[in-house]
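Residue numbers count from 1 along this sequence. Any value given below was found using the heavy atoms of this structure, including those in side chains, with hydrogens, waters and symmetry copies removed.
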Amino acid sequence: MLTFEDYKYTRPDMNELSKQFHALLENFQQASSFEDQSAIIEQINTITRNYSTQENIMYIRSSIDTNDSFYQQERDVFDEIGPQFQALQSEYYKALLTTPFRGDLEAKWGPQLFALAENAIRSYSDEVQPFLQQENKLISEYAKLVASAQIEFQGETLTLAQLGPYKESLDRSIRKDAMQASADFFAAHADQFDNLFDQLVAVRHKIATTLGYKNFTELGYVRMDRIGYDAKMVEGFRKQIREAIVPLAAEIRHGQANRIHVPKLKFYDEPLHFPEGNPQPSGSPEWIIENGQKMYQELSRETGRFFDYMKRKNLLDLVAKKGKEAGGYCTFIDNYDSPFIFSNFNGTSGDIDVLTHEAGHAFQVYSSRNIGIPEYIWPTSEGAEIHSMSMEFFTWFWMDLFFEKDADLYRYTHLLEGVLFLPYGVAVDEFQHRIYDQPDLTPGERKSVWKELENIYLPTRDYDGHPYLEQGGFWQRQGHIYEVPFYYIDYTLAQICAFQFWQRSIEDFDSAWKDYVHLCQLGGSKSFLELIKEAHLQSPFEEDTVQSIADSIRNWLAVNDLN
């Protein structure tokens, strides 16, 4: 049986791959029937899966160990060849959209493929290929800079992830020192972070204007495959969050200050929810994984098979260590039918959040792995985040396995954190709109924009005088802003959908779970709005949706009051 360590990496030969691709495209354009073209699509899909497989093996191994010179070199190679492969895909999509057999192909493969193809064409031309390569290199530089953090703290040298437990310490001075140590790392490298972002904004604006857009905001929506909704609808959603969630979040913060006995909640107090300490998993990472396997076996037959598969094939790299990139993610290795979960366990409840969140992604791609077309393995990002965030709630009923007597505290905290995230999430989105609408802003002006948005969306936040944070530097630790522009409203839209699954799972678990599994099996074969309709969820863009969620959460908190 092959495990992840056995998966073979071979750098794609772009010359050979390009020859094969162009030969198939020529056959596609000369084909005299829908059946012939459909068969050629299958062959093109094979090339796409082969390329994606090697890219993902490289990415996983390079992020597990940023000191591995071989895979760091291969990452640099993919920064170069990625846009070349995008060029080939763009040619294919143009042929797909203009074929006289489009109607038959659309009937077989679904209209979503053609909507995605249109966006792919609108986001690429050969003219922008060198700019895309430059963008990739800058993104890699950001990831390496964050991963390079070696922070001296209480006699140890720690990464940013390893500081996590200290940020939840019962000792307020330790919480403060840990938060400051983290902020000090970003402050010490502020010029580098500013310079990288300056270059990213400039090159993205150049890509957008070269492609005929007014600015990168317009292109950002195309890149993120916002199908069926636009910036005006997103603006309306942010307004709902301001009106319904920001006041609720302020109430939660006020209750938190009372609960942990501080006169005024400071930034470094925010992670601590209970005076006796936050709920923490009761065992080692190995113990967490064993209990995770038990949980998924009990949850459903499908999830049991899925997690057994992940564990058996070593598709989990979960513990924080030196040289490992920050954060967590799930990706999919096509030719091995393998989701892969990467995270940085650090002994906090966040370890369980990762086990459920990233496993939600992994379960979805596992469920749709045989869908037959690479473009449909994943939904667009706001759809994909429904699976991850909803899995966090579906597994609520098994939290006693991890937290024992503190399981209720975990569930309470987890719900609060979901609410508190929403204002921050839409602030990140509005920040990116403002930045890319005004690409000539200076680093200082960008920080002023962030500070202004914090005052609107996070009015209770108090940095206790830390100069870097007071000046509006916090956003620089948010990797999405550097690495995947406009990927953030997705989390907030999905959170509103996940809250609906939470409500339904309490009322009728079996019905909610059935819709969730169906949603996972659909993969990315439909747009976001079509997917939520299939799952019997209300659109976050509908005017009363967010207020309804806020009312439900208030009611639950009133019944389960831990203040």
Open item on the list: Working note: Asn119 + Ile227, criterion side chain to side chain contact (heavy atoms under 4.5 Å, CB included); need CA distance, chi angles, decisive distance, verdict.
Closed with: CA-CA 9 Å; Asn119 279 348; Ile227 295 168; 3.8 Å; yes
- [ ] Over 60° means perpendicular and under 30° means parallel, so classify the ring planes of Trp475 and Phe431, tilted if in between.
- [x] tilted
Task: Side chain Ser90, main chain Gln86, donor-acceptor under 3.5 Å - done: no
Open item on the list: Are Ser381 and Arg226 packed together at the side-chain level, in the sense that at least one heavy-atom pair is separated by less than 4.5 angstrom?
Closed with: yes
Open item on the list: Tell me whether the rings of Tyr51 and Phe85 are parallel (<30°), tilted (30 to 60°) or perpendicular (>60°).
Closed with: parallel
- [ ] Go through the steps to decide whether Arg301 and Phe306 satisfy the test side chain to side chain contact (heavy atoms under 4.5 Å, CB included), and finish with yes or no.
- [x] CA-CA 9 Å; Arg301 185 173 62 177; Phe306 146 73; over 6 Å; no
TODO: If the plane angle is over 60° it's perpendicular, under 30° parallel, otherwise tilted; pick one for Phe363 and Tyr366.
DONE: parallel
TODO: Write down the atom of Ser63, the atom of Phe342, and the distance for their closest heavy-atom approach.
DONE: O-CE1, 3.5 Å
Task: Check: Ala95 main-chain N/O paired with Thr99 side-chain donor or acceptor under 3.5 Å - done: no
TODO: Spell out, as yes or no, whether a donor-acceptor pair under 3.5 Å connects the side chain of Thr46 to the backbone of Glu42.
DONE: yes
Task: Lys321 atom NZ, neighbour heavy-atom count above 12 within 6.0 Å - done: yes
Open item on the list: Using the ring pair (Phe, Tyr, Trp, His ring centres under 6.0 Å) criterion, which residues pair with Phe394? Sequence neighbours excluded.
Closed with: Phe501, Phe509, Trp513, Tyr516
TODO: Any chance you could measure Leu132, atom CG, to Ile207, atom CD1, to the nearest 0.5 Å?
DONE: 4.5 Å
Task: Test item: Gln37 side-chain N/O and Phe28 main-chain N/O as donor-acceptor pair under 3.5 Å - done: yes
Open item on the list: Assess whether a salt bridge exists between Asp13 and Lys19, defined as any Lys/Arg side-chain N lying under 4.0 Å from an Asp/Glu carboxylate O.
Closed with: no
- [ ] State yes or no: are the ring centers of Tyr213 and Phe216 separated by less than 6.0 Å?
- [x] no
- [ ] Give a yes or no on whether a salt bridge exists between Glu135 and Arg223, defined as a side-chain N under 4.0 angstrom from a carboxylate O.
- [x] yes
TODO: Kindly indicate, with the supporting measurements, whether the criterion side-chain hydrogen bond (donor to acceptor under 3.5 Å, both in side chains) is fulfilled by Tyr124 and Gln89.
DONE: CA-CA 10 Å; Tyr124 179 82; Gln89 287 182 303; over 6 Å; no
Open item on the list: Would you compute the distance between atom CD of Glu392 and atom OG1 of Thr356 and round it to the nearest 0.5 angstrom?
Closed with: 4.5 Å
Open item on the list: Can you tell whether the side chains of Asp437 and Lys214 come within less than 4.0 Å, N to carboxylate O?
Closed with: no
TODO: Rounded to the nearest 0.5 Å, what's the gap from CD1 on Ile481 to CD on Gln432? Could you check?
DONE: 5.0 Å
Task: Exceeds 12 heavy-atom contacts within 6.0 angstrom, atom NZ of Lys322 - done: yes
Open item on the list: Please evaluate residues Gln112 and Ser525 with respect to the criterion side-chain hydrogen bond (donor to acceptor under 3.5 Å, both in side chains), reporting the C-alpha separation (whole Å), side-chain torsions for both, the decisive distance (0.1 Å), and the verdict.
Closed with: CA-CA 6 Å; Gln112 180 72 354; Ser525 60; over 6 Å; no
Task: Glu218 vs Tyr436, side-chain hydrogen bond (donor to acceptor under 3.5 Å, both in side chains): CA-CA, chis, key distance, verdict - done: CA-CA 9 Å; Glu218 292 182 353; Tyr436 288 111; over 6 Å; no
- [ ] Please determine if Lys313 and Asp337 form a salt bridge, counting it only when a charged side-chain N lies under 4.0 Å from a carboxylate O.
- [x] no
Task: Euclidean distance, Leu88 CG relative to Ile81 CD1, rounded to 0.5 Å - done: 10.5 Å
- [ ] Sequence neighbours left out, what passes ring pair (Phe, Tyr, Trp, His ring centres under 6.0 Å) with His433? Give chain and number order.
- [x] Tyr221, Phe486
Task: Rounded distance (nearest 0.5 Å) linking atom OH of Tyr488 with atom CD of Glu385 - done: 9.5 Å
TODO: Check whether any side-chain heavy atom of Asp490 sits under 4.5 Å from a side-chain heavy atom of Phe528, and report yes or no.
DONE: no
Open item on the list: Under a 3.5 Å distance rule, please check whether His205 uses its side chain to pair with a backbone N or O of Val201 as donor and acceptor.
Closed with: no
TODO: Report yes if the distance between the aromatic ring centroids of Phe4 and Tyr7 is under 6.0 Å, otherwise no.
DONE: yes
Open item on the list: Are there over 12 heavy-atom neighbours, none belonging to Arg312, within less than 6.0 Å of that residue's CZ?
Closed with: yes
TODO: Could you tell me whether a side-chain N or O of Tyr376 sits under 3.5 Å from a main-chain N or O of Trp109, the two making a donor and an acceptor?
DONE: yes
- [ ] Considering only NZ, NE, NH1 and NH2 on the basic side and carboxylate oxygens on the acidic side, decide whether Glu127 and Lys206 come within less than 4.0 Å.
- [x] no
Open item on the list: Tell me if a side-chain donor or acceptor on Asn56 pairs with a main-chain N or O of Ser52 at a distance below 3.5 Å.
Closed with: yes
TODO: Assess whether atom CD of Glu5 is packed by more than 12 heavy atoms of other residues, nucleotides or ligands within 6.0 Å.
DONE: yes
- [ ] Heavy atoms only: give me the nearest Phe345-Pro285 pair and the separation to one decimal.
- [x] CD2-CB, 3.9 Å
- [ ] Tell me, with the steps shown, if Val146 and Leu160 meet side chain to side chain contact (heavy atoms under 4.5 Å, CB included).
- [x] CA-CA 8 Å; Val146 174; Leu160 290 168; 3.7 Å; yes
TODO: Determine, using ring centers only, whether Tyr329 and Tyr59 are less than 6.0 Å apart.
DONE: yes
Open item on the list: So, using ring pair (Phe, Tyr, Trp, His ring centres under 6.0 Å) as the criterion, who are the partners of Phe474 when residues are at least two apart?
Closed with: Phe267, Tyr424
TODO: Please check if the side chain of Asp68 supplies one atom and the backbone of Thr66 the other of a donor-acceptor pair under 3.5 Å.
DONE: no
Task: Interatomic spacing from CG in Asn67 to CG in Asp65 - rounded to 0.5 Å - done: 5.0 Å
Task: Short N-O contact, Lys324 and Asp317, less than 4.0 angstrom - done: yes
TODO: Evaluate whether atom NZ of Lys108 has more than 12 neighbouring non-hydrogen atoms of other residues, nucleotides or ligands under 6.0 angstrom away.
DONE: yes
TODO: State, to 0.1 Å, how close Asp79 and Ser140 come at their nearest heavy-atom pair, and which atoms those are.
DONE: OD2-OG, 3.0 Å
Task: Between Tyr142 and Phe197, ring centroids under 6.0 Å - done: no
TODO: Could you go through the side-chain hydrogen bond (donor to acceptor under 3.5 Å, both in side chains) check for Ser18 and Glu16 one step at a time?
DONE: CA-CA 5 Å; Ser18 182; Glu16 184 58 32; over 6 Å; no
TODO: Check the angle between the aromatic planes of His357 and His361 and answer parallel, tilted or perpendicular using the 30° and 60° thresholds.
DONE: perpendicular
Open item on the list: Between the side chains of Glu80 and Lys137, is the shortest nitrogen-to-carboxylate-oxygen separation below 4.0 Å, so that they form an ion pair?
Closed with: yes
TODO: Locate the shortest heavy-atom distance separating His387 from Pro379; write the atom from each residue and the value.
DONE: CE1-CG, 3.4 Å
Open item on the list: Quick check against the 3.5 Å criterion: does Arg446 have a side-chain atom that pairs as donor or acceptor with the backbone of Leu441?
Closed with: yes
Task: Flag, side chain of Thr348 to backbone of Gly350, donor-acceptor distance under 3.5 Å - done: yes
TODO: Give the intermediate values and the outcome of side chain to side chain contact (heavy atoms under 4.5 Å, CB included) for residues Phe237 and Ile489.
DONE: CA-CA 9 Å; Phe237 174 71; Ile489 198 69; 3.9 Å; yes
